[in-house]
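All residue numbers refer to positions in the sequence shown, counting from 1.
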Amino acid sequence: MIDIKKLTIEKAGEMMRKGELTSVDLISACLKNAKEKNKELNIFLEVFSGSAYGGDDALEQAKKADEIIKNGKGTKLTGIPIAIKDNILIMGHKVSSGSKILENYQASYDAFVIKKLKDVGAVLMGRTNMDEFAMGSSTENSAYGPVKNPIDPSRVPGGSSGGSAAAVAAGMALGALGSDTGGSIRQPASFCGLVGMKPTYGAVSRSGLTAMSSSLDQIGPLAKTSEDAKIIFDCIIGKDEMDSTSIDFVGESFSSGPRFSGAPTPARPFRKASANFVIGVPRDFFKEGIDSEVLQNFNKTVEKLKNKGYKIKDVVMPLLKYSLPIYYIIMPAEVSTNLSRLDGVRYGMRKKGEDVFDSFKKSRSVGFGSETRRRIILGAYVLSHGYYDAYYNKAWKVRRAIMKEYEDIFKEVNFIMTPTVPTTAFKFGEKKDPLQMYLSDIFTVSANLAGLPSISVPSGFSSSQLPFGVEFTGPACSDLSLFAIEKDLRNNK
Ligand code: GLN
């Protein structure tokens, strides 16, 4: 039997094209793992398995993929099992965003990324559990119960794409799609020992992604290696007429830059080898509030990069410390706007009240969990007349200043490196205070605010065998170079 937990997409693809493995065998092994462990770990809200799924049954998809490969038409993702976060639309399937309010909502079209995966014959394994509407860092905000970390089930897998990360770590899929608004791909990747990547804003279409915060959201890959993550990335990028913020990606440069107000201009493609990169380390930013073991590991990783020929330079980025407070103004503002459509009339479940307003109130009170309600209230507040200028407008000014700070720093260095998270995976219930939970994203949110590509790569294990991650953030459109760094680190143990 194949060990899915060790197998990469690259290797599985090679074996299938050589006729040493079939997609049916591969998918059967993933389904077996799901059957054995999904009840306990609560990773998939739904596995596409069984005759009720018709052509969408994972094994049926695999049979088709095997035909494509047999006819010599297979590509790197043909027949590869991919887990999909429950906020990405797959036509004809439920898409609940981890919320009660959308419990029985069915997608009426395929998200752009799903169309792309279907086009190459990837096998969609099912919907993965997540924090409600992607708000959280542990999956404890899911209306369907938390996901357990396959590495240590007494701990969280990170969030909000915790189900997608756990699906790969538990051998239920070889790769996964997550969404990252403030770290939701990179933080769970770090907690589960994986590569997780947030592309440049606009590199991947958001058409068919349930919106959390539209100027921050990006879909991206989770996988075991950068090669695997890149295989998924290559498949899902592209200009889409259904998303006016999406951009063309040609080789290492975009033909047009990411488009939102104040977005950074695309960088010139890097022509040098990865080992000549200069990496900036904003040490002042992580003097406090970071686990000593995480810091030690970070310093060790810096040394490894130096040995590999990278140049490391201390940099000062005084505005980074404002990223988290700015994020917690802009993100809730967009959340309150995006979720206003969920009123029990147009979408989702309805609780009948005395009149239409009472119905809105009841549907939203019962349908949304407490974190979602907290953010809607916060968002409505910062957007309200009288507070708009003091909070929302001011936050945008600082956001632009943060973008500018990155732009300036990228004249000196190629990438910025920080730990991904200040801690390793924490225990359930450990971060009851929402502000404590929000601190988990201190190193991840700035890349979203600036629209920049950012990757979390595994960097070994703690004394209690929990994975560490380090994060690299680059100029707009330097996505491909980010993958190269992980490869260098991995080959430099
Ligand atoms: N954990 C962050 C939050 O709670 C980020 C979420 C995300 O990236 N979707 O908002």
Side-chain angles (χ1 to χ4, degrees), residues 98 129-142 146-149 151-152 154-166 169 178-194 196 198 212-213 216 220 222 285-295 297-298 320-332 335 369-372 374-375 378 418-449 454-459 462 464 466-471 473:
N129 200 353
M130 58 182 278
D131 284 299
E132 185 175 19
F133 291 108
M135 300 183 217
S137 311
S138 66
T139 74
E140 289 168 292
N141 295 336
S142 166
V147 176
K148 293 184 177 152
N149 190 324
I151 295 169
D152 175 353
S154 71
R155 291 172 189 272
V156 304
S160 62
S161 313
S164 286
S179 67
D180 191 310
T181 305
S184 279
I185 292 175
R186 288 161 287 157
Q187 192 254 16
S190 175
F191 281 9
C192 292
L194 302 171
K198 180 203 97 70
M212 173 183 165
S213 182
L216 301 163
L222 285 137
F285 183 44
F286 46 89
K287 263 193 195 138
E288 291 152 34
I290 176 168
D291 269 13
S292 59
E293 260 202 297
V294 170
L295 195 56
N297 173 268
F298 178 83
L320 278 187
K321 59 175 175 294
Y322 299 116
S323 302
L324 203 61
I326 294 308
Y327 173 79
Y328 273 94
I329 293 173
I330 291 174
M331 172 275 294
V335 161
S370 59
E371 182 60 27
T372 304
R374 182 180 358 261
R375 295 195 194 193
L378 191 61
T418 63
T420 309
V421 197
T423 65
T424 49
F426 45 87
K427 297 224 161 170
F428 291 97
E430 204 180 306
K431 307 231 184 258
K432 282 214 175 66
D433 173 1
L435 291 179
Q436 282 299 316
M437 187 73 92
Y438 298 167
L439 282 173
S440 210
D441 308 312
I442 189 148
F443 299 130
T444 47
V445 293
S446 54
N448 301 73
L449 289 172
S454 187
I455 195 167
S456 177
V457 310
S459 64
S462 72
S464 35
L466 296 170
F468 290 120
V470 291
E471 180 185 72
T473 301

>> Using the rule side-chain contact (heavy atoms from CB on, under 4.5 Å), only one of Pro146, Ser142, Pro157 pairs with Asn129; which is it?
In response: Ser142
> Any idea which heavy atoms bring Phe428 and Ser154 closest together, and the distance?
Replying inline: CD1-O, 3.3 Å
> By side chain to side chain contact (heavy atoms under 4.5 Å, CB included), which residues pair with Ser184, not counting sequence neighbours?
Replying inline: Lys85, Ser160, Ser161
>> Check whether Asn448 reaches the backbone of Asp180 with its side chain - one donor and one acceptor, N or O, closer than 3.5 Å.
In response: yes
>> Suppose we screen for salt bridge (charged side-chain N to carboxylate O under 4.0 Å, His left out). Which residues come up paired with Lys287, at least two apart in sequence or across chains?
In response: Asp284
Show the atom names and distances, to 0.1 Å, of all donor-acceptor pairs under 3.5 Å that link a side chain in residues 130-141 to residues at least two apart or in another chain.
unit_1 : atom_1 : unit_2 : atom_2 : d
Asp131 : OD1    : Thr139 : N      : 3.0
Asp131 : OD1    : Glu140 : N      : 3.3
Asp131 : OD1    : Asn141 : N      : 2.9
Asp131 : OD2    : Ser138 : N      : 3.4
Asp131 : OD2    : Thr139 : N      : 2.9
Glu132 : OE1    : Gly369 : N      : 2.8
Glu132 : OE1    : Thr372 : OG1    : 2.9
Glu132 : OE2    : Ser99  : OG     : 2.6
Glu132 : OE2    : Gly369 : N      : 3.4
Ser137 : OG     : Asp441 : OD1    : 3.3
Ser137 : OG     : Asp441 : OD2    : 3.2
Ser138 : OG     : Glu140 : N      : 3.1
Ser138 : OG     : Glu140 : OE1    : 2.8
Thr139 : OG1    : Val147 : N      : 3.0
Glu140 : OE2    : Gly429 : N      : 2.7
Asn141 : ND2    : Met135 : O      : 2.7

> Rounded to the nearest 0.5 Å, how far does CZ of Phe285 lie from OG of Ser446?
Replying inline: 6.0 Å
> With Phe286, which residues qualify under ring pair (Phe, Tyr, Trp, His ring centres under 6.0 Å), at least two apart?
Replying inline: Phe298, Phe443
> What's the spacing between Ser440 OG and Gln187 CD if we round to 0.5 Å?
Replying inline: 4.0 Å
> Rounded to the nearest 0.5 Å, what separation is found between the CD1 atom of Ile290 and the CG atom of Leu295?
Replying inline: 5.0 Å
> Residues two or more places apart in sequence or in another chain: which of them pass side-chain hydrogen bond (donor to acceptor under 3.5 Å, both in side chains) with Asn297?
Replying inline: Ser459
>> Let's go through Met212 and Ser179 carefully: what are the C-alpha distance in whole Å and the side-chain angles of both, what is the deciding distance for side-chain contact (heavy atoms from CB on, under 4.5 Å) to 0.1 Å, and is it a yes or a no?
In response: CA-CA 10 Å; Met212 173 183 165; Ser179 67; over 6 Å; no
> If every non-hydrogen atom of Cys192 is compared with every non-hydrogen atom of Pro467, which pair is closest and at what distance?
Replying inline: C-CG, 3.9 Å
>> So does Glu471 get a backbone contact from the side chain of Arg186, meaning a donor-acceptor N/O pair under 3.5 Å?
In response: no
> In Å, rounded to the nearest 0.5 Å, how long is the span from CG of Leu439 to CG of Asp433?
Replying inline: 8.5 Å
> When rounded to the nearest 0.5 angstrom, what is the spacing between OG in Ser454 and CD1 in Ile185?
Replying inline: 10.0 Å
>> Looking at every heavy atom in both Ala189 and Ala165, which two are closest together, and how far apart are they?
In response: N-CB, 4.5 Å
> If every non-hydrogen atom of Leu194 is compared with every non-hydrogen atom of Ala169, which pair is closest and at what distance?
Replying inline: CD1-N, 4.4 Å
> How far does NZ of Lys148 sit from CZ of Arg155, to the nearest 0.5 angstrom?
Replying inline: 14.0 Å
> Under the side-chain hydrogen bond (donor to acceptor under 3.5 Å, both in side chains) test, which residues partner Tyr438, sequence neighbours left out?
Replying inline: Glu371
> Any sub-3.5 Å donor-acceptor pair from Ser462's side-chain atoms to Ser464's backbone N or O?
Replying inline: yes
> If you look at every heavy atom in Thr420 and Ser456, which pair is closest and at what distance?
Replying inline: OG1-OG, 2.9 Å
>> If you compare all heavy atoms of Ala447 against all heavy atoms of Thr473, which two are closest, and at what distance to 0.1 Å?
In response: CB-CG2, 4.0 Å
>> What I want to check is whether the side chains of Glu293 and Thr424 have a donor and an acceptor closer together than 3.5 Å.
In response: no
> Can Val445 and Tyr328 be said to form a side-chain contact (heavy atoms from CB on, under 4.5 Å), step by step?
Replying inline: CA-CA 10 Å; Val445 293; Tyr328 273 94; 5.5 Å; no
